[in-house]
Q: 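Quick one: this structure, given as structure tokens, is what I'll be asking you about.
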Amino acid sequence: MAGARNLWKKLLLLALLLVSLHWRCTATTNPGDLAVLQSFLQGIDQKSVLTNWKNSDPCGDRWIHIKCTGAAVTALEMNNLQLGGTVTPDINKLSSLDSLQLQQNGFTGSLPSLSGLTSLSRAYFGGNSFDTIPGDFFTGLTNVMEIFLEDNHVNSTPGWSLPADIQHCSNLQTLSITNTTLGGTIPDFLGTMSSLKNLYLAYNTLRGGIPATFAGSNLIKFQANNQQGNEPLTGSIDPVASMQSLTTLWLHVNQFSGVIPPGLGNLSSLQDLKLNDNEFVGVVPQSLTQLPALKNFTIKGNMLVGPMPELGFSYDGSTNGFCQATPGLPCDPRVTALLDFAGAADAFTSPCMTTWKGNDPCSWTGINCVRGTVTTIQLPNCQLNGSISTALANLTGLTALDLRNNHISGLLPAAIVQIPTLRNLNLFRNRLSGPLPPFPSGLQVNVDENPLTPVSPASGSGASPSGSSGTQAPGSPNAPSGAEQSTRRKVSPAAIAVPVVGAVAAVAAAVSVFVMCRRKRPRFMRVQSSSAIVVHPRDSSFERETVKLPTSVAKEGHSGPSEVRVETGNLVISIHVLRKATNGFSENSILGRGGFGVVYKGELDDGTKIAVKRMESAVVNNKGLSEFQAEIQVLTKVRHRHLVALLGYCIHGNEKLLVYEYMPQGTLSQHLFEFAKHGYHHLTWKHRLSIALDVARGIEYLHGLAHKSFIHRDLKPSNILLDDTLHAKVADFGLVKLAPEGKVSVETRLAGTFGYLAPEYAVTGRVTTKVDVYSFGVILMELITGRQALDTSRSEETMHLPTWFKRMRVNRETFRSSLDPVLEVTDEEFESICSVAELAGYCTMREPYQRPDMSHAVNVLAPMVERWKPSMDFDAEEGGIDLGLSLSEALRRWQESETGMDETRTSLPTRPPGFADSFSSTDVR
Ligand SMILES: *[C@@H]1O[C@H](CO)[C@@H](O)[C@H](O)[C@H]1NC(C)=O
Ligand SMILES: *[C@@H]1O[C@H](CO)[C@@H](O)[C@H](O)[C@H]1NC(C)=O
Ligand SMILES: *[C@@H]1O[C@H](CO)[C@@H](O)[C@H](O)[C@H]1NC(C)=O
Ligand SMILES: *[C@@H]1O[C@H](CO)[C@@H](O)[C@H](O)[C@H]1NC(C)=O
Ligand SMILES: *[C@@H]1O[C@H](CO)[C@@H](O)[C@H](O)[C@H]1NC(C)=O
């Protein structure tokens, strides 16, 4: 028994001995690992920090900041030790390494390759100054779960890209590459790595879209916000709507576009959604209100419209086009119906829709109202793609719906044609399918050139040259083109095709086209067609043909407030055309500089001269952008021979450009105050008088336009441009304000130019049309005296023109001495000057109600100009049509002059092309 006991004791001792022997053996670090660590120590600058690394055996001597398993080094844990220097490229020879933590130090140079570290599960390099990443960095990391590289500045232009072999890291769950100058596009394969849960790509220079593969990914957190390149991330975010696991989605500060996909409402785990500062359009889907976990939501800085969704917590929805500032409040029913229509027609990215925001649809492009009721919708050539929403039937009062030349498909809802007030429905050249609903009598319909299911021979495709429906009475079922019938009875089916590329939707445009036709027939191609006008859809010849945009247009203001508003179609001009026209925006092409950018002179291929206003990109983001939009909005609605015509515009990335007709003689202020410097002859009194009348007419029109009152707010000689005959046009509509219904005053942020500001406006910011009248009065004083409104080089008492002018007017002698010294006036002229001075005084009365309307100024000035008969007669040069006539008058004259002409001419439609199509019959007759 004692012997056995002894034996046990001996065995135990032996075992202890073996264990301790073993202990000594394994405590000796692998020589390979030791060499790597020594090399690592060599590379770093602060060797003393690693206090016990002097000892010879890393594992045995328990070196700080490393871990071993047996003789193998398994972890380097050097987080935030303020180490500098470089990291040895041999790190990947630590073959058992599991965790490599070098984050938050000052390492420079190249990241070490991790190639072949099959045991590695964590690699943290964030917050250093590594400037290079080896091509095989991610190779063979079959077990890695987390890689953090954020906040390193990898030197590489235009940015480094993720190598494809990262997709074989089949256990990778978290990849953080935020702020590392990662460039190129987001690789497709990131969407197919099924283990990947957290992907952080923010603050890089990525461009392009979110790959479709992401729709199938298992990502929980996805951050791709704040891409820093010139072209950040773009395109739709549709793939994210299928990423069911998402809790965090940060896409803010990019240029994502399109509508916010309703499918986001299916992401039931989503907590944190940041979409701000992109280019999203359309209505925020109501489905977002059903996200149970959503706690954070940012959406400001997009172009969203409609109601703000009520999410149960507050969020910033500013700088969008929402109809209400409070979440949950519904829009005006007219807005609801129109936005529903726009949504169904996929219209929110259409260039026609840039003004469709807020809660007043009457100010939107393509919408006309009468006393607040939407009466016409005119959206020809707007690239509408979807279908026609029955929501339009809620617009009781609608008289005309013009959707010519779009790509609208689906059925025409019966509810639309049954709108009791609807008289004119133009769906020419779309992709509607049949059958058509029965049309009520009295409704004029054009559905030519739609691939309608043939229900009856009469309603077939309008592609046949003789048209289709000339014999069918309007009102009989399926009569497809009643709008054309009156036209066709009088004329042959031939028509003019105007290669204006979706730019001529306006009546005014049509008239001007006529004028051009008569004089320059070869510019237009005549084709056989069933419709009165064929406006080419945008095609490859678009660029060349933009030059045929009409440049001047008929419509005089005093023909009464019942006049229709002129609506243009698509005025988009390509950036390439503008670059070419301006010699790449060369210094030599600069015409002038304004507060919001530079104006260039340009010449199109055919010799047409244009002026291109290029917004300074720095200001486009805030104030400049709203003025840019205001200008497009105003100029597409107002067309008058004394208002500078907008020929088109261009939005290209950050570039925002407006294209105007070119006014060769520059500004009135150059002619008035700096004529010698510019080599001009000084303006005679006759010229000044006629310029004053031109300006008065332009502003009168602006003030009295069809139920609306536009207020210019920045009328001054540098905004008055002259053509070669010294006729004037008012320019610069960036500050134009739309006075709601009638002429009530609106409160605004003060804008304009000192010297021309009406006193009440300067003091209260309240603006009425009378602020323009005041500015006009000041301009009259300038025309008389040759002095500037505010001349700080003069003494205190004479600096402010209106004050001084009123003083000088007290008697004829002092007044005579105040006249512009370059004027040599006859006695007769002096009398006329006195009358204008009186008008000037009247216009600058202290109280707005004391000032006359602009039409009074026109009535005072017109007879004087008539009496003086200035030598130039520019109406004559437009081929006999007086563009100053009212529209209907011009048409009547044109028709009369055509009677009995040869066949070519009589085959033209008796109405201007597109006229009947565009406007309701009540407006036409
Ligand atoms: C990006 O990283 C740099 C260091 O490389 C750092 O200075 C900067 O603050 C980081 N930027 C952001 C937005 O985090
Ligand atoms: C949400 O998911 C359901 C079921 O997968 C699907 O039928 C529906 O279309 C989705 N909703 C949206 C708006 O995509
Ligand atoms: C919401 O966002 C803020 C700011 O980014 C953040 O501090 C907060 O933690 C987020 N809350 C949730 C619930 O995600
Ligand atoms: C149309 O009007 C009806 C009745 O007022 C309303 O229930 C419906 O929501 C409206 N639809 C739209 C799209 O405005
Ligand atoms: C309609 O579709 C065409 C062709 O797919 C596209 O170019 C156009 O941008 C679309 N229009 C809108 C308004 O999205």
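Every number for a ligand or one of its atoms is a count from 1 in the order of the listing. Below, all heavy atoms of this structure are taken into account, side chains as well, without hydrogens, waters or symmetry copies.
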Q: In plain terms, say whether D277 and K300 are close enough for a salt bridge, that is, a side-chain N and a carboxylate O under 4.0 Å apart.
A: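 The answer is yes: the pair qualifies as a salt bridge.
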
Q: Mind checking what makes ring-ring contact (aromatic ring centres under 6.0 Å, His included) contact with Y200, not counting sequence neighbours?
A: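 Per chain and number, Y200 pairs via ring-ring contact (aromatic ring centres under 6.0 Å, His included) with no residue.
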
Q: So for ligand 5, is H407 a polar contact partner (N or O within less than 3.5 Å, distance only)?
A: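 The answer is no, given that H407 and ligand 5 share no N or O pair closer than 3.5 Å.
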
Q: List the protein residues in contact with ligand 1, where contact means a heavy-atom separation under 4.0 angstrom.
A: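 Protein residues near ligand 1 are D151, N179, Y203.
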
Q: For R207, is there an ion pair with E231 - N to carboxylate O distance below 4.0 angstrom?
A: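 R207 and E231: not salt-bridged.
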
Q: Looking only at distances, please establish whether an N/O atom of ligand 5 is found under 3.5 Å from an N/O atom of N385.
A: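 Yes; the residue has a nitrogen or oxygen that sits under 3.5 Å from a nitrogen or oxygen of the ligand.
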
Q: Hey, do the aromatic rings of F125 and F137 have their centres closer than 6.0 Å?
A: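 Yes: the rings meet the under 6.0 Å criterion.
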
Q: With P285, which residues qualify under side chain to side chain contact (heavy atoms under 4.5 Å, CB included), at least two apart?
A: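 Once residues adjacent in sequence are excluded, the partners of P285 under the side chain to side chain contact (heavy atoms under 4.5 Å, CB included) criterion are I260, P262, S287.
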
Q: Does the side chain of S113 come under 3.5 Å of the side chain of D136 through a donor N or O and an acceptor N or O?
A: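 A pair is found: one side chain offers a donor N or O, the other an acceptor, under 3.5 Å apart.
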
Q: Side chain, backbone, both or neither: which part of D346 has a heavy atom under 4.0 Å from ligand 5?
A: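 Within the 4.0 Å criterion, D346 contacts ligand 5 through backbone atoms alone.
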
Q: Parallel, tilted or perpendicular: which describes the rings of F297 and Y315, with under 30° parallel and over 60° perpendicular?
A: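 Perpendicular, since the angle between the ring planes exceeds 60°.
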
Q: Against heavy atoms of S350, which atoms of ligand 5 measure under 4.0 Å?
A: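 Per the distance check, 13 (C).
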
Q: Tell me every residue that passes disulfide (SG to SG under 2.5 Å) with C650, counting only those two or more places apart in sequence or in another chain.
A: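 Residues passing disulfide (SG to SG under 2.5 Å) with C650: none at all.
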
